[in-house]
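Only one structure is covered here, and it is reproduced in the block below.
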There are 4 protein chains.
Amino acid sequence: MHETRKEQVIEAAIHLFRTKGYHATSVQDIADAVGLRKGSLYHYITSKEELLFDIIHETIQVYIRRLEAIAARPEPAAQRLARAITAHIEAVAQETEGFAIFIGETRALEPGPRRRIEEASQRYRHLLQQLIEEAAQEGAFRPTDSTLASLAILGACNWMHRWYDPQGRLRPQEIAQQFTEIFFHGLVHPPAGPAPAGRAPVVGTVPAEGRRPPSPNHPPHSEEPWPPGP
Amino acid sequence: MHETRKEQVIEAAIHLFRTKGYHATSVQDIADAVGLRKGSLYHYITSKEELLFDIIHETIQVYIRRLEAIAARPEPAAQRLARAITAHIEAVAQETEGFAIFIGETRALEPGPRRRIEEASQRYRHLLQQLIEEAAQEGAFRPTDSTLASLAILGACNWMHRWYDPQGRLRPQEIAQQFTEIFFHGLVHPPAGPAPAGRAPVVGTVPAEGRRPPSPNHPPHSEEPWPPGP
Amino acid sequence: MHETRKEQVIEAAIHLFRTKGYHATSVQDIADAVGLRKGSLYHYITSKEELLFDIIHETIQVYIRRLEAIAARPEPAAQRLARAITAHIEAVAQETEGFAIFIGETRALEPGPRRRIEEASQRYRHLLQQLIEEAAQEGAFRPTDSTLASLAILGACNWMHRWYDPQGRLRPQEIAQQFTEIFFHGLVHPPAGPAPAGRAPVVGTVPAEGRRPPSPNHPPHSEEPWPPGP
Amino acid sequence: MHETRKEQVIEAAIHLFRTKGYHATSVQDIADAVGLRKGSLYHYITSKEELLFDIIHETIQVYIRRLEAIAARPEPAAQRLARAITAHIEAVAQETEGFAIFIGETRALEPGPRRRIEEASQRYRHLLQQLIEEAAQEGAFRPTDSTLASLAILGACNWMHRWYDPQGRLRPQEIAQQFTEIFFHGLVHPPAGPAPAGRAPVVGTVPAEGRRPPSPNHPPHSEEPWPPGP
DNA sequence: AATGAATGAGGTTTCATTCAT
DNA sequence: TATGAATGAAACCTCATTCAT
């Protein structure tokens with residue numbers, strides 16, 4: 001229940017880095033946010049950059065571990081991919097800020113730490129790509145450029161950190177369901193006839209119980225355009 | 001053929017902002033890049049931030065104008081959407097750096113200019129959304145959450161600025177073709193039988209003549225993992 | 001007895017602003033004067049301009065409070081005016097530098113703070129004007145343009161910051177006495193006859209005990225002409 | 001009737017130096033004001049500081065020559081002093097800006113030129129002081145500290161550059177008349193009886209024909225407090 | 001654990017002046 | 001005469017970090 005100072009610091013930093021950006025956030029800002037003086041902060045961190053690294057590293061590690069677990073499941077690859085998409089979306093929804101920092105501020109790291117993060121990112125994408133290839137081998141997917149497919153999926157899902165609003169109209173599960181539907185079956189109306197029968201039900205999405213009444217997706221009283229794009 | 005100093009400055013800034021980030025790029029860096037002293041740079045720019053704004057504004061304006069032109073074409077909406085995706089991808093491919101700055105550095109702007117950009121971005125996404133809705137009304141697309149669909153498409157296409165490599169294996173047209181295929185028909189193998197006949201040919205993509213021989217997509221001599229992800 | 005750093009900074013700034021002028025004084029100059037590095041100075045000030053504002057504001061506030069106290073005394077207005085003149089002169093004599101900055105550098109302030117100072121100045125002058133009007137109503141002064149009279153008195157007294165020399169021949173009290181005499185009775189020899197009897201003794205000036213022997217008013221070793229004028 | 005470029009430059013500089021101050025006025029500002037580019041300005045000036053010097057020097061020289069002419073007149077000293085006060089006030093009224101620069105910006109000059117100006121100033125004041133002494137010797141003035149008296153008069157008259165408004169309620173002649181009255185006879189009501197008869201009429205002021213109807217002294221539409229003080 | 005003082009490097013921007021064209 | 005490019009010095013200010021208390 002009661003958080004350590006170190007955790008407070010990290011949370012404050014996450015919020016500030018997300019909101020203002022790493023470079024635009026000063027150590028003073030962080031100190032202010034946790035009610036410490038600038039000097040005292042250095043009891044809890046070694047440097048601003050290491051704080052950034054820790055945040056990003058923690059984030060990507062969690063994503064990778066989760067994806068590895070999913071990839072190891074004894075299920076058809078297509079189903080595992082659906083699970084992966086859902087997990088990714090739910091994770092971004094649950095911890096948008098850290099993920100946004102990972103996406104946006106990795107570049108601020110020094111070459112060394114930066115490479116470590118980039119390798120992890122690369123590994124993450126590669127796991128996705130492998131799922132796609134497996135699904136194709138299993139006959140569930142048509143042959144595609146699996147690299148490109150993984151990049152399309154990742155792009156769509158990662159982009160979410162720019163528009164997801166927890167107060168918004170859609171729950172993460174619904175988003176996941178729809179994204180999976182799009183990536184699996186596309187937007188085009190299936191041809192008439194027996195086609196629907198052939199369509200595999202989308203797996204990995206949970207029945208949409210608890211669906212909230214349709215409400216404006218945009219948080220009330222906000223004055224910013226939503227959702228942003230491109 | 002000989003470039004103005006102003007243009008040199010802008011190009012240098014684009015390259016640096018893209019590579020190091022806006023905040024990490026000093027005016028000194030830009031001056032060095034064009035062979036001027038720091039002070040001399042101010043003959044060509046009003047401020048570092050205005051330079052950033054100009055770059056971003058120019059970029060988004062071009063995107064918007066292009067999309068408006070496409071949206072106004074006398075064609076089925078699905079076809080116009082395919083054209084839009086292709087145009088977007090080709091534009092990102094052709095001018096990756098400016099687009100990356102637009103995506104990554106808009107936040108560095110002051111509230112006023114920033115809002116102008118964000119409104120334009122929002123408008124761009126909305127145009128896409130409208131195409132999707134029209135395509136659904138025309139019966140080409142199944143009913144979907146058009147907002148979500150537009151965000152999926154945009155996310156996938158925008159993400160491209162993080163991985164596209166002009167020396168890479170795939171030409172923009174091929175990327176566009178495959179992305180369109182995914183967003184229109186999904187990854188799943190079409191059911192056996194007459195289904196393929198029912199599949200609308202993807203419009204807006206050009207026959208893949210000029211396809212280069214398969215070659216490593218990753219630029220030679222680079223030491224960074226590729227493609228990055230997520 | 002030992003002064004805070006903040007006080008040292010303010011005093012150094014007062015001296016430098018007075019001597020070289022606000023614009024010609026660099027933050028470096030102030031830092032040098034107190035033995036700090038430029039950056040360290042910003043522990044004690046928010047900005048150079050705010051430092052200027054604080055100096056000026058403090059000065060004018062003290063003047064206003066003092067004048068208000070005098071104006072509220074239960075005495076004939078003429079006597080209160082004499083006190084006001086004396087107090088003003090003694091204050092300028094005691095803290096010439098701050099007053100000189102107030103007079104000469106208010107213009108360097110941004111419009112907002114500047115207006116605050118100018119309103120206070122205006123209020124100060126208005127208090128003087130009211131004393132003159134009251135003295136006229138009480139029959140002590142002949143009817144005059146009280147605005148003009150207040151400006152004449154203020155001009156003469158304010159000008160003092162340009163020529164007053166604490167090492168000089170005259171003590172502030174003597175200056176005050178003579179100025180009051182001039183403003184009350186003028187330079188012209190009173191007409192012969194009963195006139196002296198009719199002349200009200202100047203109040204608010206103290207008997208000139210402690211008058212120093214006549215000595216050169218000009219500080220020794222100075223190479224500047226003295227007193228300056230106009 | 002058609003002004004040389006050089007004159008235009010000087011006038012623009014006078015106006016700007018007065019309004020914004022010497023240091024706050026850039027060469028660019030001056031160039032803008034005369035419709036030239038910064039570089040072109042240097043065909044007409046040698047340096048910004050010399051421009052300042054020329055303005056100040058010209059001003060003080062005119063004042064000195066005028067005062068010398070007045071001091072040489074075959075009249076009683078008191079009358080010459082009255083003329084001097086009137087001339088000073090009318091000059092300030094007619095060319096407030098240059099005079100304000102002389103008063104406020106002499107300090108911005110380098111030591112050499114600065115000393116020249118200060119010596120001239122000193123000479124000016126000394127001429128006034130001599131008139132006062134002569135008037136005392138002639139029996140018109142009571143014995144006073146002539147230095148102090150000259151400083152009082154100068155202060156009051158010089159201060160005028162801070163409050164004089166050509167659109168204001170009072171004409172320069174009226175101001176001069178009232179100031180002379182104050183300095184000659186003071187503010188105090190003359191004793192009853194034959195006293196007024198003994199009062200020498202103030203000389204050097206012109207009959208107040210052409211006096212404008214009493215109107216607010218403050219320029220219309222101005223939002224600044226007036227007159228300023230102290 | 002907490003602080004406040006201090007630092008030094010670096011940030012963006014301004015500006016008077018020169019000079020080739 | 002006029003210009004636009006260029007300069008170099010200096011301006012104010014920020015900030016991550018260290019350290020004695």
Side-chain angles (χ1 to χ4, degrees), chain A residues 4-6 9 13 22-32 34-52 108, chain B residues 4-6 8-9 22-31 34-52, chain C residues 4-6 8-9 22-31 34-52 108, chain D residues 4-6 9 22-32 34-52 108:
Chain A
T4 62
R5 264 279 159 85
K6 168 92 184 186
V9 169
Y22 172 75
H23 281 111
T25 300
S26 72
V27 170
Q28 185 63 257
D29 290 333
I30 303 172
D32 289 349
V34 295
L36 281 176
R37 301 307 164 73
K38 208 182 0 172
S40 317
L41 213 66
Y42 281 81
H43 287 284
Y44 305 101
I45 67 173
T46 33
S47 78
K48 191 185 162 194
E49 199 201 320
E50 193 167 306
L51 181 53
L52 175 63
Chain B
T4 6
R5 262 285 156 82
K6 169 92 185 190
Q8 281 182 281
V9 168
Y22 173 75
H23 281 113
T25 300
S26 72
V27 169
Q28 185 65 258
D29 290 335
I30 304 173
V34 295
L36 282 175
R37 303 310 169 91
K38 212 178 3 172
S40 315
L41 211 65
Y42 282 82
H43 278 283
Y44 305 101
I45 67 172
T46 337
S47 74
K48 191 186 162 193
E49 197 199 321
E50 194 166 306
L51 180 53
L52 175 62
Chain C
T4 358
R5 261 283 157 82
K6 167 93 186 189
Q8 280 182 278
V9 168
Y22 172 75
H23 281 112
T25 300
S26 72
V27 169
Q28 186 64 257
D29 290 334
I30 304 173
V34 294
L36 281 176
R37 304 309 171 90
K38 213 180 357 175
S40 315
L41 211 65
Y42 283 83
H43 279 283
Y44 305 102
I45 67 172
T46 335
S47 74
K48 192 186 162 194
E49 198 199 319
E50 193 165 306
L51 180 53
L52 175 63
Chain D
T4 62
R5 265 282 157 84
K6 168 91 184 186
V9 168
Y22 172 75
H23 281 111
T25 299
S26 70
V27 170
Q28 184 64 256
D29 291 333
I30 303 172
D32 290 349
V34 295
L36 281 176
R37 301 304 163 69
K38 206 178 8 167
S40 317
L41 213 65
Y42 281 80
H43 287 284
Y44 305 101
I45 68 173
T46 33
S47 78
K48 191 185 162 195
E49 198 200 320
E50 192 166 305
L51 181 53
L52 175 63

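Numbers restart at 1 for each chain; the letters A, B, ... are given by sequence-line order, proteins then strands.
- Taking Glu49(A) as the reference, nothing meets the side-chain hydrogen bond (donor to acceptor under 3.5 Å, both in side chains) condition, with sequence neighbours excluded.
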Distances for protein N/O vs nucleotides 7-11 of chain E N/O pairs under 3.5 angstrom?
| from | atom 1 | to | atom 2 | distance (Å) |
| --- | --- | --- | --- | --- |
| dT7(E) | OP2 | Arg37(C) | N | 3.3 |
| dT7(E) | OP2 | Ser40(C) | OG | 3.0 |
| dG8(E) | OP2 | Arg37(C) | NH1 | 2.7 |

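- Going from atom NZ of Lys48(B) over to atom CG of Leu52(B) covers 8.5 Å, rounded to the nearest 0.5 Å.
- A close approach under 4.0 Å does not occur between any side-chain nitrogen or oxygen of Arg5(C) and OP1 or OP2 of dG4(E).
- For Asp29(B), the salt bridge (Lys or Arg N to Asp or Glu O under 4.0 Å) partners are Lys20(B), not counting sequence neighbours.
- Comparing Tyr44(B) and Tyr42(C) by the nucleotide of DNA chain F that holds the closest heavy atom to each, the one mapping nearer the 5' end is Tyr44(B).
- The distance from atom NZ of Lys6(B) to atom C1' of dA5(F) is 15 Å, rounded to the nearest whole Å.
- If you measure from atom CD of Glu49(A) to atom P of dC15(F), you get 17 Å, rounded to the nearest angstrom.
- Put simply, CD1 on Ile30(D) is 11 Å from C1' on dA16(E), counting in whole angstrom units.
- Among all heavy-atom pairs drawn from Thr25(A) and Ile30(A), the shortest one is CG2-CG1, 4.0 Å.
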Anything under 3.5 Å between a donor and an acceptor, one on a side chain of residues 35-46 of chain D, the other on a protein residue two or more places apart or in another chain? List them.
| from | atom 1 | to | atom 2 | distance (Å) |
| --- | --- | --- | --- | --- |
| Thr46(D) | OG1 | Glu50(D) | OE1 | 3.2 |
| Thr46(D) | OG1 | Glu50(D) | OE2 | 2.8 |

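- Look at CG on Leu51(A): it is 16 Å from P on dC15(F), rounded to the nearest Å.
- With the 3.5 Å cutoff on both pairing distances, Watson-Crick and G-U pairs in DNA chain F assemble into runs of at least 3 at E:2-21 with F:2-21.
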